[in-house]
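Below is one structure, written out as structure tokens, with a few remarks after it.
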Amino acid sequence: MAALPENIDQTRELLASQGYICGQALATVVFLSLKLGRPLFLEGEAGVGKTEIAKALASGLGRRLIRLQCYEGLDASSAVYEWNFAAQMVAIRTAEAVGSSDRAELNAELFSEDFLIRRPLLEAMSPQEGGPPILLIDELDRADEPFEAFLLEALSDFQVTIPELGTIVAEEPPIVILTSNRTREVHDALKRRCLYHWVDYPDFDRELEILNAQVPEASAALSREIVAFVQKLRSEDLFKKPGVAETIDWAKCLLALDAVQLSPQVIADTLGAILKYQDDIVRIQGSEAARILTEAKASSEMAD
Amino acid sequence: MRKFADLPIPEDGKFVANITHFARALRVAGLPVGPGRVADAIRAVEVAGFTDKRDFYWTLHACFVSRPEHREVFAQIFRLFWRDPQYLENMMALLAPAMRGVQKERKANPAERRAAEALLDGADAEAPELQEGESAEIKLDASLTFSAQENLQALDFEQMTTAEMAEAKRMIARIKLPVKPLASRRTKPALRGRIPDWRGTIRGAMRTGGDIQKLAMRQRKTRWPNLVALCDISGSMSAYSRVILHFLHAASNAKGAGWAQVHSFTFGTQLTNITRHLRNRDVDTALAMAGAEARDWEGGTRIGECLHTFNRDWSRRVLGQGAVVLLITDGLDRDDPDLLASEMERLHLSARKVIWLNPLLRWDGFAPKARGIRAMLPHVDSFRAGHNIASLQALADALTKPEDVGEKARLMRAMREG
């Protein structure tokens with residue numbers, strides 16, 4: 001188990017050692033969240049690396065990553081705990097066959113830890129090897145408001161109550177990271193309990209660094225071209241701008257096709273890796289892509 | 001003198017005071033900064049250290065900013081404040097009386113106007129007063145009351161006198177939009193449910209010593225959808241848009257009347273979000289604020305452009321949870337019909353249901369001749385009139401019936417033939 005970083009620069013190095021390149025702003029909130037034991041609330045467009053940060057932290061600190069993917073109707077039985085009904089049934093039958101009918105005894109047996117199925121939140125509250133785990137609550141905006149209200153309680157006290165067993169308190173609170181794509185506003189009451197950070201698209205240099213860390217096989221010239229093109233593309237009027245994840249995917253696609261440099265033909269063939277809406281593809285295809293490519297090449301040469 | 005909670009004060013007392021002052025400056029600028037956050041910020045600066053200005057900036061940023069739109073405000077205030085706190089204070093002291101003055105005037109204005117109306121306008125005084133807390137629906141009212149009200153129902157908004165308009169607004173405020181609730185993914189215990197409740201069953205079995213006698217059941221809960229209203233405020237719609245905004249105000253403020261959330265936008269040459277303004281309970285204040293926000297009243301129309309802005313900036317944020325879109329426009333657009341058609345298609349694909357309210361439909365012989373209308377019509381679920389009170393009431397029915405298409409079928413046929 002690695003020790004928690006002592007300052008902001010160490011935090012950045014820790015993340016960088018896992019291939020996650022981030023700016024000073026993000027490193028600061030991550031450091032504060034670790035130091036103050038506050039949940040970290042990350043909001044941003046899809047594909048800017050919100051989920052990745054939890055993974056990088058977990059592997060960097062040698063902690064277990066527990067992920068809770070949110071969806072509409074997510075409730076306590078899939079987020080916290082559930083009883084193993086099938087096993088309970090069998091136990092009831094067995095008790096009947098044996099002929100014991102002491103209700104108190106049966107009750108204590110049926111609702112014991114043996115029959116408890118632990119879901120992510122409860123798992124995160126229990127002690128783990130390597131120290132408190134990292135709890136990633138992913139895409140919170142997909143869950144509905146009742147679940148948000150439930151989270152408020154769980155995140156402020158780090159305890160859950162199981163009526164049959166009593167209250168389970170986390171000995172050491174987990175490191176909590178929440179992410180949202182902002183398909184709706186998350187309630188202020190929940191935001192207030194967290195440290196907030198809006199994860200933006202990276203600038204040219206940072207994105208190049210990220211690409212070098214994630215796809216080291218790509219040649220320096222190709223990486224520069226890819227990043228310059230994607231950066232230019234983001235300034236266009238698109239329905240969905242490509243995220244960093246798309247840049248990385250695209251670089252991998254180009255490598256798989258053995259492309260050494262970008263050309264209008266190659267771009268036309270692989271546009272589906274960076275643009276995911278038909279309207280956007282139609283808008284960018286052909287002469288528009290060629291224009292962006294020449295502009296991108298010009299600007300990346302200027303930077304040299 | 002207000003008392004503040006005790007804070008763990010480090011040796012350097014100035015620094016705590018400075019952060020507190022800074023927080024107050026942020027609060028004045030509209031950031032929701034409570035004492036809890038101030039305490040957090042002080043603790044955060046303690047652990048993060050105070051060596052580098054950049055680190056200090058991001059430390060405070062992490063504690064005080066919780067919305068992307070606040071980042072710029074924070075940056076400005078930070079720059080001003082940590083250069084010279086005195087400077088900002090002086091600025092605020094200068095501004096404070098002016099700001100208070102403006103607010104006071106705004107509050108008094110609608111009430112004053114209403115008082116003046118009540119004293120001077122005889123027509124208004126005669127109008128039947130609506131009772132507070134009256135829950136009967138307007139339909140009941142209309143069927144057994146004044147003929148004056150009945151006439152008003154069918155009268156076009158454009159032809160109403162000021163007095164009639166005032167009365168119409170009062171009636172509109174009472175229209176309810178009963179919407180069909182959506183089945184959510186969440187369940188609740190129910191005697192006649194269809195989903196077996198294993199947990200409840202086992203707990204029930206405990207009562208009889210482990211003997212399962214009855215299967216407990218659950219059923220799905222329902223929830224209300226969101227409403228997103230896009231209202232045209234260009235010149236050709238001027239007679240209607242003000243009334244429609246009254247209608248939207250009523251819908252936004254009707255608590256427990258169906259809609260989970262109502263998001264309202266106006267468009268003419270540009271798109272404006274007026275949701276926040278319409279939440280003001282006083283209808284006159286709300287509309288005045290919305291009017292001040294939207295700068296393109298009674299100008300031209302660029303429906304395609306505005307829908308494009310909506311699709312790009314807002315659709316992902318407000319159309320998420322099965323929202324119903326209410327589009328209120330006459331469809332008279334001079335721009336490229338292809339752009340309009342593709343943006344309408346995008347809107348239609350993102351929303352659960354798109355209902356188009358068109359005041360031009362008041363003429364029985366209305367045919368889809370205009371290019372804009374021809375471009376938009378194929379991409380709506382329902383096409384309805386919106387020129388008088390009766391048509392707004394009909395809208396209520398349209399919202400409850402999922403298969404309602406209004407006049408769309410007839411007009412689509414006319415479009416194919418002509």
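- Heavy-atom distances place the side chain of B:Arg71, and not its backbone, under 4.5 Å from chain A.
- For B:Arg199, the parts sitting under 4.5 Å from any heavy atom of chain A are the backbone and the side chain alike.
- For the side-chain hydrogen bond (donor to acceptor under 3.5 Å, both in side chains) with B:Glu343, the lone residue among B:Arg312, B:His348, B:His308 that qualifies is B:His308.
- Proximity to chain A is limited to the side chain of B:Gln321, based on heavy atoms less than 4.5 angstrom apart.
- When the ring pair (Phe, Tyr, Trp, His ring centres under 6.0 Å) test is applied to A:Phe239, the partners found at least two apart in sequence or on another chain are A:Tyr277.
- Note: B:Arg67 leads B:Arg67, B:Gln261, B:Lys221 in heavy-atom pairs under 4.5 Å with chain A.
- In this structure, no portion of B:Thr201 lies under 4.5 Å from any heavy atom of chain A.
- Between the side chains of A:Asn181 and A:Glu45, not a single donor N or O lies within less than 3.5 Å of an accepting N or O.
- When each of B:Arg37, B:His61, B:Glu345 is scored by its heavy-atom pairs under 4.5 Å with chain A, the top score falls to B:Arg37.
- For a residue to count as touching a neighbouring chain, one of its non-hydrogen atoms must lie under 4.5 Å from one of that chain's; by this rule B:Arg316 touches chain A with backbone and side chain alike.
- Checked against the 6.0 Å centroid threshold, B:Phe74 and B:Phe22 count as a close aromatic pair.
- Considering only residues two or more places apart in sequence or on other chains, B:Phe310 meets the ring pair (Phe, Tyr, Trp, His ring centres under 6.0 Å) condition with B:Phe265.
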